[in-house]
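Structure first, then comments.
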Amino acid sequence: SGFQRHLIYTLIRLGAKYVPRRPSKKAKDFAPSMTLLLFEEPEAFLHPPQQFLLADSLRQLSAASYQQVLCSTHSSHFVSRQAALIPTISCLRRESGRVMIRQISRDAWEKLADANQALNRIAAKWPKLMAALADEDRMPEMEALKYFLWLNPDRCGMFFAGHVLIVEGPTEQALIGRLVDAGKVPRLPEGLYVLDALGKYNIHRFMNLIAHLGIPHSVIHDDDNGKDEHADLNQVIQDSRDGALTTAVICVPGELETFLGIPHAGSPHRKPQHVLYQYEAGRIKEDKLRAFCALVESCLPGDAGPACAAAIGGATP
C-alpha cells in the first residue's frame, strides 16, 4: 500500500544518513560479509520528487564497500538519477520466453566512448567544424558528462521501449506526435518511443548506447544534401547500425522544411513551433504530408515488441 511504501521510503532515507563504518578485523579473522538489498519497484506510490530522494538515499547506502543495492524499476524518473553511472543500468527484455539482461561493462563503456569520438575524426577534415569544438569536447571523459546532461526523466523512457525511433530534434518529435494523434500515421504499436537526439551530431551516440543495451531502434534524419561535413556524418550514422537491432536508417532528402515544401524558420530555435504552425494552419500540402508519413512508417517494425524493465545496481560488473 501507499502507507507501507512511504514508511519504507522514510526508513531508507534515515538509514542512509547513519551508515556505520564496518569495524576493521585482524588479518587472521577472515570473515567477509556483504549486505545485499533487493528492492522491487521502489518508485511504487511515490511522487517523482520522492523517487529522486529515494534513489539518492539508496545510492548513499550502496557507497559502502560492504553493501550492494539492486533495484528493478519501471520509472524513468528513478533511472535518470543513475545517468552519471550508465554501467550500473541493466535492461531486461523477454525474448522467446526467456528474460535477457543487457548491461554495459566497464570495458564496453570505454569502447562505446571511443566509438562516439567519430565526430572528432570528422572535425579534423573540416576546419569550420573543428573551430566549433572546444578542446574539452574532444576528451573521452566528456561522453559520460553528455549522457548525464541528456538522460532526463523523459529521455530515460527509451530504456523501457519496445522500439526507439531516433530523430534529430524536438521538431521531428513534435511533428510525428501530432501526425500520430491526427491519425495520419497509423496508431503505432505499444512500446514505441520517439527520441529527440538533440541534433544530428548526436544520433550515433544514442544508437551506440541503446544497441549495447539490446534495444531495437531505427533512425530518420535529414541528409542535408551531403553538404560539407554532412556526407561524413551521414556515413557515421550508417556505420553505427547494429545488424540485429537497427531496423532502418532513413534519410529525408535535403532538409525537413524543404521536403515539406514550407519556408525555413527565421532562427533555429524557432523551428519546432514554426513547423507545427505550418501544419496546424494547413500550409503543408497533403501529398507532402503523406510522403513524410510514408518515411516514418518505413522506419517502424511491424510489431514494436515487448517493453523493457530496468534494473539499477550500486556497483558495476
Any link between [X] and [Y] through a network of hydrophobic side chains (Ile, Leu, Val, Met, Phe, Trp, Tyr) touching at under 4.5 Å?
X      : Y      : answer
Leu245 : Ile166 : no
Phe45  : Val79  : no
Val180 : Ile284 : yes

Report task. Under the side-chain contact (heavy atoms from CB on, under 4.5 Å) rule, what do Leu112 and Ile104 come out as? Steps first, then yes or no, please. Result -> CA-CA 9 Å; Leu112 187 151; Ile104 301 176; 4.2 Å; yes
Short side-chain to backbone donor-acceptor contact, [X] and [Y], under 3.5 Å:
X      : Y      : value
Arg94  : Val99  : no
Gln51  : Leu46  : yes
Ser57  : Leu53  : yes
Gln103 : Pro87  : yes
Glu110 : Asp107 : no
Asn152 : Asp154 : yes
Asp242 : Ala244 : yes
Ser62  : Arg59  : yes

Strictly below 4.0 Å, N to O, side chains only: are [X] and [Y] in salt-bridge contact?
X      : Y      : answer
Asp222 : Lys200 : no
Glu286 : Lys184 : yes
Lys128 : Glu229 : no
Arg178 : Asp181 : no

Closest approach of [X] and [Y], non-hydrogen atoms and distance?
X      : Y      : value
Thr247 : Pro301 : CG2-N, 4.3 Å
Gln82  : Thr88  : NE2-OG1, 2.8 Å
Pro253 : Asp223 : C-OD1, 3.6 Å
Ile215 : Ala161 : CG2-O, 4.1 Å
Ser218 : Cys299 : OG-O, 2.8 Å
Gln67  : Leu61  : NE2-O, 2.7 Å

Report task. Compute the ring centroids of Tyr193 and His163, then answer whether they are less than 6.0 Å apart. Result ->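 So the answer is no for these two rings.
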Report task. Could you give me the CA-CA distance, side-chain angles and deciding distance for Leu37 and Gln68, then say whether side-chain contact (heavy atoms from CB on, under 4.5 Å) is met? Result -> CA-CA 6 Å; Leu37 175 61; Gln68 171 76 42; over 6 Å; no
I need the [X] [atom1] to [Y] [atom2] distance, nearest 0.5 Å.
X      : Y      : atom1 : atom2 : value
Leu209 : Trp109 : CG    : CH2   : 7.0 Å
Ile262 : Glu255 : CD1   : CD    : 11.0 Å
Tyr9   : Leu54  : OH    : CG    : 7.5 Å
His204 : Gln235 : NE2   : CD    : 13.0 Å
Leu165 : Asp196 : CG    : CG    : 11.5 Å
Leu289 : Leu260 : CG    : CG    : 6.5 Å

In terms of side-chain heavy atoms, does [X] have a donor or acceptor partner in [Y] at a distance below 3.5 Å?
X      : Y      : result
His212 : Lys111 : no
Glu43  : Ser75  : no
Gln60  : Asp56  : no
Asp232 : Trp126 : yes
His274 : Glu257 : no

Quick one: are [X] and [Y] in side-chain contact, heavy atoms under 4.5 Å?
X      : Y      : value
Leu58  : Phe78  : yes
Leu179 : Val296 : no
Ile220 : Val252 : yes
His74  : Glu41  : yes
Arg241 : Val249 : yes
Asp287 : Arg290 : yes
Ser298 : Ile250 : yes
Gln173 : Glu168 : no

Query raised in the report: Please walk me through it: do Phe52 and His77 pass side-chain contact (heavy atoms from CB on, under 4.5 Å)?
Result: CA-CA 7 Å; Phe52 291 151; His77 290 85; 3.7 Å; yes
Requested in this report: May I ask you to check whether over 12 heavy atoms, not counting those of Phe148, lie within 6.0 Å of atom CZ?
Outcome: no
Query raised in the report: Should the heavy atoms of other residues, nucleotides or ligands under 6.0 Å from CZ of Arg98 be counted, would the total exceed 12?
Result: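 Counting other residues, nucleotides and ligands, CZ of Arg98 stays at 12 neighbours or fewer.
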Report task. Hey, can you tell me if Phe206 and Tyr147 have their rings parallel, tilted or perpendicular (30° and 60° cut-offs)? Result -> perpendicular
Report task. Evaluate the side-chain contact (heavy atoms from CB on, under 4.5 Å) criterion for residues Leu145 and Met142: first the C-alpha distance (whole Å), next the side-chain angles of each, then the deciding distance (0.1 Å), finally the verdict. Result -> CA-CA 5 Å; Leu145 295 177; Met142 181 61 74; 4.2 Å; yes
